[in-house]
There are 2 protein chains.
Amino acid sequence: MTEPRRRNRSATRQRLLAAARHRFAKEGYEAASVRDIAADAGVDAALVFRYFGSKKGLFEEAAATTTPTGLLDGPPEELPARLLHSLLFEDWSAYAGEHPLVAMLRSSAHDEARDHLREELCGTYVRALERLSDAPDAALRAELFSAWMLGIGVLRSVVGTPAVSAATPPDLAPHLAAVASALFERPVAGSPPPPPAATDDPGAPD
Amino acid sequence: MTEPRRRNRSATRQRLLAAARHRFAKEGYEAASVRDIAADAGVDAALVFRYFGSKKGLFEEAAATTTPTGLLDGPPEELPARLLHSLLFEDWSAYAGEHPLVAMLRSSAHDEARDHLREELCGTYVRALERLSDAPDAALRAELFSAWMLGIGVLRSVVGTPAVSAATPPDLAPHLAAVASALFERPVAGSPPPPPAATDDPGAPD
DNA sequence: GTACAAAGTCATCAACTGATGACTTTTGGG
DNA sequence: CCCAAAAGTCATCAGTTGATGACTTTGTAC
């Protein structure tokens, strides 16, 4: 094999990116120092500048969000529930336990972070939710629902409000259905569709 | 008079507090430096430590929020509209243009800020909104509505989402009424009550 | 007018920040 | 085995940070 075994450029990059995601999410851009990130990754801080040019470069690359594929597909009336479920109950431990968009609020003094936030939110979430309404202000409705999800995420993982923090999917489902139905003026499901059930699915293959 | 005229301890304190509110709101706790704050206030940075002991002390005192008196009074069905109106359309220029609770999210890596946020949100807003519902999960409903308001504030002033940023009170009123009514399962007004009309109010004095 | 205390300023410290370049270790081909 | 390039480390720089204590200015009471 032509590649070295111990010293591995791309693996080190990935370790730095993972550590950066953690630190930036938990402490915000300013408070997270390059030295701390490098220490978490187990490498020297100088490698950050070797591989990413600057702290800002590291942040930009670390903040490049991966919207889970398939999240926006499926029946429109299930979309709100699927989005909220992903936001709240997916495993975001790679981002210090919070959804990347929620964690990025800590760095929102930086234009980079704000732009990224807006693009991700508008370009992905709002655009998908817009299809739920035919009203002339469908975009506003979609943003208002996005605001609700983001707010719930903030209350849950940042502020730590008691009721929302302790809420389980069944607790939230009726309210989700009620609010989304009222906002989009059409029936909206309160629970996400069941998972693909990889173990036993005799019905609909292919 | 026994107090000096030019050199005024309390006036200088107030100037420092005002500058601190601005900087902390706009840049977050870490990025806002004591020197910058003091420069904004037009005094020497050493006075910060003279008057507040430390940067943290300054932050705590600057973050002591003043919930507008009377905001929580009045008919319950008008409360949501009044709260949202205060959050979005009141003059928060003292806090760099954002509601203090929204601005404090930038400093949410600090436990101080998080605790303050939770106390203010739960102790004031959620508690007032709880009265809107008799359901066993009234607290959850109140938090969910608070989450919505906070999210709208974030989208409007932090993320800068187009539709919510451009929305006027009449644009929001119907959606506010629909969402709040659905969440609290009772009729809720979409617009705040008209202002006291100090110019011409022959009806109900005293 | 002088003395005293309050109010404000200045110089400075140690720690930390992002960043740079020279250095050392490892790796794999010849 | 040897070497060149890649990968990683080290020492260090200049600037900033929070913080401290000595100093100067101001205002007033006597």
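Naming: A, B, ... by sequence-line order, numbering from 1 per chain.
Of the candidate nucleotides D:dA19, C:dG18, C:dG8, C:dG8 has the atom nearest to the side chain of B:Arg50. Closest to the A:Val34 side chain, of the nucleotides C:dT25, C:dG18, D:dA19, is C:dG18. Candidate nucleotides D:dA7, C:dG18, C:dG8 were compared by shortest atom distance to the side chain of A:Arg9, and D:dA7 ranks first.
Residue-level contact check: A:Tyr51 touches the backbone only, with heavy atoms under 4.0 Å from sugar-phosphate atoms and none from bases. A:Val43 comes within contact range of the sugar-phosphate backbone alone, with a heavy-atom separation under 4.0 Å but no base atom that close. Using a 4.0 Å heavy-atom distance criterion, B:Ala11 is classed as making no nucleic acid contact. No engagement by A:Ala38 is indicated, since no non-hydrogen atom pair under 4.0 Å with the nucleic acid exists.
Residues passing the salt bridge (Lys or Arg N to Asp or Glu O under 4.0 Å) test with B:Arg156, sequence neighbours excluded: none.
Under 4.0 angstrom from either OP1 or OP2 of D:dT17 there lies at least one side-chain N or O belonging to B:Ser33. The side chain of B:Ser54 contributes no N or O atom lying less than 4.0 Å from OP1 or OP2 of D:dG18.
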Treating primed atoms plus P, OP1 and OP2 as sugar-phosphate and everything else as base, which nucleotides of nucleotides 10-15 of chain C get B, S or - for protein heavy atoms under 4.0 Å?
B-B---

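Inter-residue side-chain proximity for A:Trp92 and A:His99 is flagged as met; some heavy-atom pair is nearer than 4.5 Å.
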